[in-house]
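What follows is one structure encoded as structure tokens, with my remarks underneath.
Quick caveat: nothing in here was measured; it's all calculated off a predicted structure.
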Amino acid sequence: MADGVPSDTPQRREGVPGRWARLRRRWWFRILAVLALLAGLLVLALWLLVARDLPSVNTLRRYEPQLPSYVRSADGTPIHAYAQMRRVQLSYNEFPPLLVRAFMAAEDRTFFSHHGLDFPGLVRAAGEGIIRGKTPRGTSTITQQVVKNIAVGNKATYTRKLREAILAWRIEDTLTKPQIMELYLNTIELGRNSGGVAAASDAYFGKPLDKLTLAQMAYLAILPKGPANYDPDRNTRRALDRRNWVLGEMLRNGFINQGQHDAAVAAPLGTVPRQTPRFERVGGYFVEEVRRQLARTFGENPQDGPYSVYGGGLWVRSSLDPRLQAYAQRALRDGLLRFDRGRGWSGPLAKVAFDGDGWYSAFASRNIGVDYDNWRAAVVIARDTRSVQLGFDDGETGTMPERAAQMPIRGKGGRAFDAIKVGDVLAVAPEGGQWALRSIPRISGGMVVEDPATGRILAMQGGFDSRLQPFNRATQATRQPGSTIKPIVYAAALENGMTPASIVVDGPFCVWQGAGLGQKCFRNFGNARGAGPRTLRWGIEQSRNLMTVQIANATGMDKVVDVIQRLGVSKNRLPPYLSYALGAGETTVLRMVNAYSILVNQGRALNPTLIDFVQDRRGRVIFPAGWRACQGCNARDWDGKPMPRPIVRARQLIDPMVAYQMVHITEGVIQRGTATVLRDLNRPMMGKTGTTTGPTDVWFVGGTPQMIGGLYLGYDNPSNLGGYAQGGVIAAPIFKEFAVPAYEGLDPLPFRAPPGIRMVRIDRGSGRPVQGGWPTDDPLAPVIWEAFRPDSDPRRTRRTANAEAAPVTAAPVQRKAERQSDSDFLQQQGGIY
């Protein structure tokens with residue numbers, strides 16, 4: 001461009017603002033910029049305060065509601081639930097369509113058409129909240145309620161509502177409508193400790209969802225607004241009105257027809273009284289021990305892990321046999337009551353404080369009950385000089401007259417009726433249209449039944465009633481075992497060279513304990529005099545203390561406590577003191593029963609178990625580690641192939657022949673020893689009674705190849721039971737009460753001997769081998785079969801023994817080729833079992 005020639009391009013003058021600069025000076029532009037900035041800051045603030053830490057929608061996709069853990073018995077029957085809230089999880093297609101429509105009518109009629117939010121409702125709720133100065137409530141869609149229940153909580157604030165709305169919108173893009181409805185119906189809390197409609201159906205109507213009527217479905221649909229507001233007992237009219245409103249909404253939206261509506265409106269609520277699960281009281285001590293083991297393994301609460309007891313939805317297959325559990329529970333309770341009878345009233349079970357007519361809520365909240373026959377727990381709500389007014393946990397009342405509470409007060413004297421006060425919780429039983437006082441025994445005890453082939457615990461009773469006495473005396477109480485320890489001591493002697501026919505002197509025995517303690521002299525039970533030289537077998541059968549300490553001393557207490565430790569009687573190794581050979585140490589019923597089961601199991605180790613296996617909510621076995629199903633064990637019929645047998649990998653704790661010798665010896669305790677009360681069961685049975693010093697505890701442990709049981713009785717704070725108390729008099733009859741029905745229908749199987757054991761005819765009194773007589777079925781027969789290890793076979797001294805034979809008739813002399821040996825005889829009888 002030449003100088004001085006004007007250009008066609010417009011030139012910006014110096015000092016004149018450009019278009020953008022002019023635009024920025026406009027007032028309306030500045031307002032828009034400020035508004036945009038404020039909007040951006042608002043979005044940033046919303047993200048920081050509301051949306052930044054929202055959970056991922058994938059969290060909801062993977063969400064699993066907290067489910068109770070269920071315990072099943074050995075036959076698969078549900079017997080107990082560990083639940084902070086009852087819940088049953090179902091899939092969408094398992095919910096009745098009318099039930100889904102009922103909840104839509106009550107909560108969100110356009111659920112299947114909106115995208116998670118009810119915009120008109122949100123605006124209305126926000127406006128009402130601003131005008132009234134309150135936080136917004138209501139107008140939540142079912143999708144928003146799912147978000148509230150699972151992700152953002154229930155706090156009524158604007159922030160929570162915003163978070164809820166954002167997440168609800170996201171969920172609708174990720175999950176299908178049926179998936180959202182499934183989450184809602186499985187998680188909504190509906191009162192009576194029920195989470196989800198399936199659990200609520202059982203809680204309110206005592207039946208599954210598919211059995212509900214339309215009127216009952218409509219009632220469940222009103223409960224999300226507040227279960228307490230529509231309690232069927234306290235707010236019946238209000239519940240009916242709200243239910244009928246839901247039915248009207250269903251009719252208005254075309255979910256039901258007029259006939260269905262009218263019939264449902266005319267129906268009563270039809271709810272059942274509030275109740276605990278029907279299987280909750282089966283095997284109380286057993287299922288509580290299972291709970292403790294599960295809690296140690298998986299944790300107790302949901303925060304402890306995905307397989308927690310109260311939230312993991314575990315399915316636990318236990319070893320409990322409900323039939324045997326009922327027999328054990330009955331036998332132990334009856335034994336406790338027999339011993340305690342005539343000792344007077346033991347006092348109230350508890351005391352409840354209440355004002356005026358508030359006894360019901362105060363009493364029901366304590367959850368005190370008595371699970372024995374027709375006994376019940378009742379609180380005293382009023383009294384006069386002639387009767388007592390009682391209240392029960394179902395709201396009913398009754399009367400106990402003065403004549404029905406005449407038993408003396410234990411340890412104080414006077415009548416129980418005079419000591420009863422308002423607020424006392426009593427054990428009572430129906431009598432003549434009224435109620436009579438009962439006394440819970442102060443003495444207690446524990447009982448365990450075990451399968452000696454597997455170690456599975458079949459039954460367990462840890463006291464009179466787990467609801468009144470939660471302490472489990474079968475597993476937690478450590479008591480002195482008394483003479484039940486003697487078979488373990490004698491097993492050590494057999495391991496170290498003695499035989500069942502060894503002669504031991506039943507006579508005075510003293511040991512020097514040092515200058516500080518002086519000389520200790522042992523005594524037989526009841527100060528019985530010594531009987532002189534006797535066989536080892538006789539010492540066990542008659543439970544002779546003097547023979548036991550002499551045997552333990554000759555064997556060496558270090559070897560005795562080693563066997564005690566190997567068999568698991570003691571948790572820690574005992575010091576090598578002779579008093580432990582007489583049961584001075586402490587153990588539990590479970591440990592003693594397992595030790596005897598090891599003897600019956602031919603000395604192989606057993607781990608007592610209450611849990612067979614644990615499955616997660618999807619059926620995968622998660623305990624024990626490495627669990628494998630037994631292939632073919634559940635076949636409907638025999639396929640002609642060998643029966644499946646589990647592989648035994650147990651350690652050998654003691655010589656199997658020694659274990660069998662001890663079992664064979666303790667069969668004599670039943671036949672002619674301290675437990676002859678069991679002899680008329682007419683089946684091969686081993687066992688041993690026990691009575692501790694005092695006596696403070698009485699024991700019996702024993703059984704058959706099918707099951708071994710054991711029990712003790714004693715006060716929790718050990719005190720004298722009375723001079724007459726003995727294991728054979730008190731404990732063995734309790735086991736017999738259990739055994740009579742428990743063994744009914746079971747074949748009387750003999751104990752199986754291990755390979756190598758030699759059965760020899762001996763004279764029962766002298767222990768010498770016999771050639772001329774045969775054992776008979778008479779328990780007191782002079783000739784018996786005795787079990788020997790090959791290296792201790794007494795046949796090598798046969799001629800000497802015959803020359804000094806006890807009075808046994810000799811058989812005619814036979815030629816060597818014709819002479820029948822004991823082994824030949826046993827082969828003819830079918831072998832040794």
Shortest non-hydrogen contact from Pro96 to Leu209?
CG-O, 3.9 Å
Side chain to side chain contact (heavy atoms under 4.5 Å, CB included) against Pro430, all qualifying residues, sequence neighbours excluded
Asn374, Trp435
Taking NZ, NE, NH1 and NH2 as the nitrogens, is one of them in Arg192 or Asp233 under 4.0 Å from a carboxylate oxygen of the other?
yes
Specify the closest pair of heavy atoms between Tyr360 and Asp394, including all atoms of both residues, with the distance to one decimal.
CE1-C, 3.9 Å
Please list, chain by chain and in numerical order, all residues satisfying side chain to side chain contact (heavy atoms under 4.5 Å, CB included) with Gln615, sequence neighbours excluded.
Trp315, Phe613, Val621
Should the heavy atoms of other residues, nucleotides or ligands under 6.0 Å from CG of Asp373 be counted, would the total exceed 12?
yes
Polar contact flag, side-chain donor to acceptor under 3.5 angstrom, Asn301-Gln84
yes
Side chain to side chain contact (heavy atoms under 4.5 Å, CB included) against Leu468, all qualifying residues, sequence neighbours excluded:
Leu349, Ile368, Val370, Ile440, Asp465
Looking at Phe298 and Tyr307, what are the two nearest heavy atoms and their distance?
CB-O, 3.0 Å
Test: Arg376 and Asp393 ion pair at under 4.0 Å
yes
How many angstroms lie between CE in Met181 and CG in Asp108, if you round to the nearest 0.5 Å?
7.5 Å
Would you please name every residue forming a side chain to side chain contact (heavy atoms under 4.5 Å, CB included) with Phe354, sequence neighbours left out?
Val352, Trp359, Ala362, Val379, Ile381, Val422
Residue list, side chain to side chain donor-acceptor pair (under 3.5 Å) with Arg291, at least two apart or on another chain:
Glu288, Glu300
Minimum heavy-atom separation for Pro624 to Asp612, with atom names?
CD-O, 3.5 Å
Could you report the tightest heavy-atom contact between Ala264 and Ala215, atom names first, then the distance?
O-CB, 3.6 Å
Find out whether the Lys NZ or Arg CZ of Lys177 is both under 6.0 angstrom from the six-membered ring centre of Phe111 and within 45° of the ring's axis.
yes
Between Pro232 and Tyr219, the two heavy atoms sitting closest are CD-OH, 3.1 Å
Would you say Arg296 has more than 12 foreign heavy atoms packed within less than 6.0 Å of its CZ?
yes
Rounded to the nearest 0.5 Å, what's the gap from CG on Leu190 to CZ on Arg87? Could you check?
9.5 Å
Should Leu247 and Leu214 count as side-chain neighbours, where that means a heavy-atom distance under 4.5 Å?
yes
Using a 6.0 Å cut-off, check whether atom NZ of Lys351 has over 12 heavy atoms from anything other than its own residue.
yes
Sorted by chain and number, sequence neighbours left out, side chain to side chain donor-acceptor pair (under 3.5 Å) with Thr213 holds for Gln216
